[in-house]
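The structure under discussion appears below in the form of structure tokens.
Small disclaimer: the values here were computed from a predicted structure and weren't measured. Count residues from 1 along the sequence.
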Amino acid sequence: MAPLQVTHVINRLETAGAQTMLLRLIQEIDRDRVQSDVVTLVSGGPQEAPFQTLGIPLSSLNMQPGRPSLRGFNRLVRRLRRRRPDVVV
């Protein structure tokens, strides 16, 4: 059976609660059963390196902090259509 494709969408990869929990989840997940990638709304952040070390694909929508963007939303939709994940979290 093919692994479940999961795309995690998060604001940015800061050292904070949600980001730390996402990292822990991805570290513990059975990679033979679940393949994860991470999409951030805002690029950068100190937590990028641990995700890269794990080999988790990272991409950013390059939105401005605190400024919702229709262009950013459209980039997310295109990205999800290309990857076609089974689950978006």
Side-chain angles (χ1 to χ4, degrees):
M1 183 148 105
L4 188 67
Q5 303 292 320
V6 178
T7 295
H8 304 271
V9 180
I10 195 157
N11 185 33
R12 75 169 22 156
L13 294 175
E14 293 294 325
T15 306
Q19 295 83 349
T20 300
M21 292 309 294
L22 176 58
L23 180 59
R24 286 183 185 169
L25 172 70
I26 289 176
Q27 286 172 329
E28 298 299 323
I29 234 164
D30 181 352
R31 295 205 190 149
D32 292 328
R33 296 179 64 200
V34 178
Q35 290 185 345
S36 296
D37 73 312
V38 175
V39 177
T40 62
L41 303 182
V42 178
S43 63
Q47 288 279 35
E48 275 189 1
F51 284 93
Q52 291 169 337
T53 299
L54 291 171
I56 303 302
L58 296 175
S59 61
S60 177
L61 302 178
N62 297 314
M63 295 172 67
Q64 296 298 315
R67 295 186 56 201
S69 162
L70 186 56
R71 181 176 286 164
F73 177 75
N74 287 333
R75 280 192 292 253
L76 176 61
V77 169
R78 283 193 306 273
R79 168 104 177 51
L80 294 174
R81 284 183 178 158
R82 264 193 316 269
R83 184 155 195 280
R84 303 192 57 81
D86 299 306
V87 178
V88 177
V89 183

Check: Q47 versus L58: any side-chain heavy-atom pair under 4.5 Å?
Finding: no
When the side chains of residues 3-15 are checked against the rest of the protein, which donor-acceptor pairs come out under 3.5 Å, sequence neighbours left out?
| from | atom 1 | to | atom 2 | distance (Å) |
| --- | --- | --- | --- | --- |
| Q5 | OE1 | R83 | NH2 | 2.7 |
| Q5 | NE2 | Q35 | OE1 | 2.9 |
| T7 | OG1 | D37 | OD1 | 2.8 |
| T7 | OG1 | R83 | NH1 | 3.3 |
| H8 | NE2 | S36 | OG | 3.3 |

Note to self: As an exercise, state the distance from CG of L23 to OG1 of T53, rounded to the nearest 0.5 Å.
What the structure shows: 9.5 Å
Item checked: Check: V42 and Q64 side chains under 4.5 Å, non-hydrogen atoms -> no
Item checked: Interatomic distance, R24 atom CZ to Q27 atom CD [nearest 0.5 angstrom] -> 8.5 Å
Check: Within a strict 4.5 Å, meaning less than it, do heavy atoms of the L80 and P85 side chains meet?
Finding: yes
Next item on the list: Working to the nearest 0.5 Å, report the span between CD1 of I29 and CZ of R31.
Entry: 9.0 Å
Next item on the list: Would you indicate whether the side-chain heavy atoms of Q52 and E48 approach each other to under 4.5 Å?
Entry: yes
Next item on the list: Start with the C-alpha gap between T40 and N62, add the side-chain angles, then the distance that decides, and say whether side-chain contact (heavy atoms from CB on, under 4.5 Å) holds.
Entry: CA-CA 8 Å; T40 62; N62 297 314; over 6 Å; no
Note to self: Is there a path of hydrophobic side-chain contacts, each under 4.5 Å between heavy atoms, that joins V39 and V89?
What the structure shows: no
Note to self: Working to the nearest 0.5 angstrom, can you tell me the gap between L41 CG and R67 CZ?
What the structure shows: 14.5 Å
Margin query: side-chain contact (heavy atoms from CB on, under 4.5 Å) for L61 and F73? Distances and angles first, verdict last.
Written below: CA-CA 8 Å; L61 302 178; F73 177 75; over 6 Å; no
Margin query: Using every non-hydrogen atom in the two residues, find where P46 and P50 come nearest and quote the distance to one decimal.
Written below: O-CD, 3.9 Å
Margin query: If I take atom CE from residue M63 and atom CG from residue L76, how far apart are they, to the nearest 0.5 angstrom?
Written below: 9.0 Å
